[in-house]
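Read the structure below first, then the notes.
Proteins come first, then strands; the chains are lettered A, B, ... in the order of their sequence lines, and each starts at number 1.
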2 protein chains.
Amino acid sequence: MREGPDIALIGALIGDPARANMLTALMSGKALTASELALEGGVTAQTASSHLTRLESAGLIARRRQGRHSYFTLGDAEVGDLLEAMMGLAAKRGHLRTRTGPKDPALRKARVCYNHLAGEKGVRMFDSLMAAGYLIEREELTLTRVGEEFMTDLGIDLDRLSSPRRPLCKSCLDWSARRSHLAGALGEALLDHFIDTGWARREVGSRIVRFTRVGEVAFDRLFPVAEAA
Amino acid sequence: MREGPDIALIGALIGDPARANMLTALMSGKALTASELALEGGVTAQTASSHLTRLESAGLIARRRQGRHSYFTLGDAEVGDLLEAMMGLAAKRGHLRTRTGPKDPALRKARVCYNHLAGEKGVRMFDSLMAAGYLIEREELTLTRVGEEFMTDLGIDLDRLSSPRRPLCKSCLDWSARRSHLAGALGEALLDHFIDTGWARREVGSRIVRFTRVGEVAFDRLFPVAEAA
DNA sequence: GGAATGGTTCGATTATGATCGAACTATGAG
DNA sequence: CTCATAGTTCGATCATAATCGAACCATTCC
């Protein structure tokens with residue numbers, strides 16, 4: 001093993017795509033479980049476990065065991081600041097887009113994040129719900145009265161979703177768009193809804209969500225987005 | 001090849017020991033040649049060349065060809081700030097490497113961070129400027145009216161420093177003290193001023209800034225710090 | 001008490017990329 | 001022109017560490 005300054009250790013930790021995705025997911029500030037992070041990182045649970053152990057022992061993340069779950073958060077605010085700074089640099093020099101495989105555009109457009117919709121479509125839905133006043137962000141993300149009506153009209157049974165353990169609404173940071181999208185029981189129910197109605201279907205063996213022609217039109221009409229005035 | 005967010009690219013670049021050593025060497029602010037950097041990185045010229053090309057194309061360093069030499073510097077001040085922040089994190093969780101050589105106390109006391117003053121002296125100056133009301137932190141760090149007077153009295157030409165692209169004042173996190181110090185055009189000008197007036201000089205081949213006896217006294221008088229009441 | 005689920009450990013495989021030798025280009029010196 | 005030095009390119013080698021299958025622990029549910 002060669003000698004290197006400490007920044008190499010940190011850099012190498014952040015430098016692995018799986019770990020970088022996990023860390024990015026944690027930038028939302030919410031605690032995530034090991035399996036959620038495995039999905040975010042695009043790796044299996046075993047692999048994720050080893051990554052998480054390494055990140056923890058370097059202090060980049062913190063682990064809190066609760067029952068049979070392990071919840072992870074960023075180590076402290078300074079870690080978040082560092083990641084933010086790196087994103088800033090990366091964005092500035094954004095001309096190095098290599099390896100844009102054919103899968104990429106589809107993944108960026110719509111994909112599954114754990115069990116809910118992520119990607120451009122997910123962000124669009126979130127923005128639209130916020131703009132319409134259906135969702136508001138207080139301490140937690142909550143569905144307003146009119147929002148409840150909207151969901152019920154869609155055919156979503158909110159009563160069945162409510163659970164003392166699992167939050168109805170959660171925001172989740174989108175790594176490709178770096179914007180929030182909707183997670184939680186409602187986020188899951190909505191994605192299921194889109195699948196059930198045939199607006200979209202999941203591509204087997206990948207995280208891609210493919211919208212049908214009519215599905216996309218209906219989706220975009222249902223979740224309008226304010227154009228520049 | 002797997003998909004990863006942009007921060008993974010930057011992380012991976014910094015994550016290699018040879019490259020990390022090169023970048024650390026460049027933190028002195030001096031331009032170094034390819035072979036000097038090869039030595040700093042502990043690799044042969046061929047290997048260094050490939051590293052340098054990659055760092056350049058990511059914008060982390062800049063290359064200036066001159067005769068048969070290639071001179072390299074950090075891409076810009078923001079890169080220096082990022083490295084500084086990573087060193088801070090690394091130092092905090094520094095269970096692996098102390099190597100507190102004889103150089104360390106001097107480095108901790110005063111050193112160059114890209115182009116401005118860091119270390120205890122840098123932090124002291126920053127605190128003093130804040131306490132005196134010369135600097136205030138609003139959205140951005142800004143120099144107040146009285147602060148402008150103070151700088152002008154010191155002999156610093158603020159007009160010459162103002163630029164639409166580069167912020168006059170920026171705070172930069174100090175890794176040894178874990179406190180902010182002053183970066184930006186003004187930070188650079190102040191360090192230059194201390195060198196010009198003979199209060200301090202830079203040690204060759206390192207980041208250490210050494211204050212002369214009289215320089216230190218003058219500096220401490222110019223930037224008083226509130227003792228505990 | 002199972003059974004199911006979330007998480008971790010172990011071992012073997014594999015892919016990435018760091019590395020250097022050797023050959024090549026370009027600038028400068030005598 | 002010849003030689004020396006600085007830097008880069010190419011190709012082959014090799015080490016690191018990311019990955020997953022499988023087995024194993026721990027907690028909760030029934």
Contact under 4.0 Å: [X] side-chain N or O vs [N] OP1/OP2:
X       : N      : result
B:Arg54 : C:dG17 : no
A:His69 : C:dG7  : yes
B:Ser50 : D:dT9  : no
B:Thr44 : C:dT19 : no

State which of [options] makes the closest approach to the side chain of [X].
X       : options                : result
A:Thr47 : D:dT19, D:dT8, C:dT19  : D:dT19
B:Ala18 : D:dT9, C:dT19, C:dT9   : C:dT19
A:Gln46 : D:dC20, D:dT8, C:dA18  : D:dC20
A:Val43 : C:dG7, C:dA18, D:dT19  : D:dT19
B:Arg63 : D:dG7, C:dA18, C:dT8   : D:dG7
A:Thr33 : C:dA18, C:dG7, D:dT19  : C:dG7
A:His51 : C:dC20, C:dT19, D:dT19 : D:dT19

Do B:Met87 and B:Thr24 have side-chain heavy atoms sitting under 4.5 Å apart?
yes

message = Quick check: do A:Ile7 and A:Ile10 have side-chain heavy atoms less than 4.5 Å from each other?
response =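 A side-chain contact is absent here, since even the closest heavy-atom pair is not under 4.5 Å.
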
Tested for side-chain contact (heavy atoms from CB on, under 4.5 Å) against B:Leu23, the lone hit among B:Leu13, B:Ile14, B:Leu37 is B:Ile14

What is the separation between atom [atom1] on [X] and atom [atom2] on [N], rounded to the nearest whole Å?
X       : N      : atom1 : atom2 : result
A:Leu55 : D:dA17 : CG    : C1'   : 14 Å
B:Asp16 : C:dG17 : CG    : C1'   : 9 Å
B:Arg19 : C:dT16 : CZ    : C1'   : 12 Å
A:Met22 : C:dG7  : CE    : P     : 12 Å
B:Leu13 : C:dT16 : CG    : P     : 17 Å
A:Phe72 : C:dT8  : CZ    : C1'   : 10 Å
A:Leu39 : C:dT5  : CG    : P     : 16 Å
B:Leu9  : C:dG17 : CG    : C1'   : 14 Å

[X] and [Y]: which non-hydrogen atoms are nearest, and at how many Å?
X        : Y        : value
A:Asn21  : A:Gly41  : CB-CA, 3.9 Å
B:Ala110 : B:Phe211 : CB-CE1, 4.0 Å
A:Met22  : A:Ala48  : CE-CB, 3.5 Å

| Do side-chain atoms of B:Asp81 reach the backbone of B:Glu84 as a donor and acceptor pair under 3.5 angstrom? |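 Looks like no, no N/O pair under 3.5 Å.
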
Do the side chain of B:Arg201 and the main chain of B:Thr212 share a donor and acceptor less than 3.5 angstrom apart?
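No, because the side chain of B:Arg201 does not come within donor-acceptor range (under 3.5 Å) of the backbone of B:Thr212.
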
What contact category does A:Ser70 fall into here, base, sugar-phosphate, or nothing, at under 4.0 angstrom with non-hydrogen atoms? sugar-phosphate

- Which part of the nucleic acid does A:Ala34 contact within heavy-atom distance under 4.0 Å: base, sugar-phosphate only, or nothing? sugar-phosphate

One would report the end-axis bend of the helix from C:dG1-D:dC30 to C:dG30-D:dC1, five pairs per end and rounded to 10 degrees, as 20°

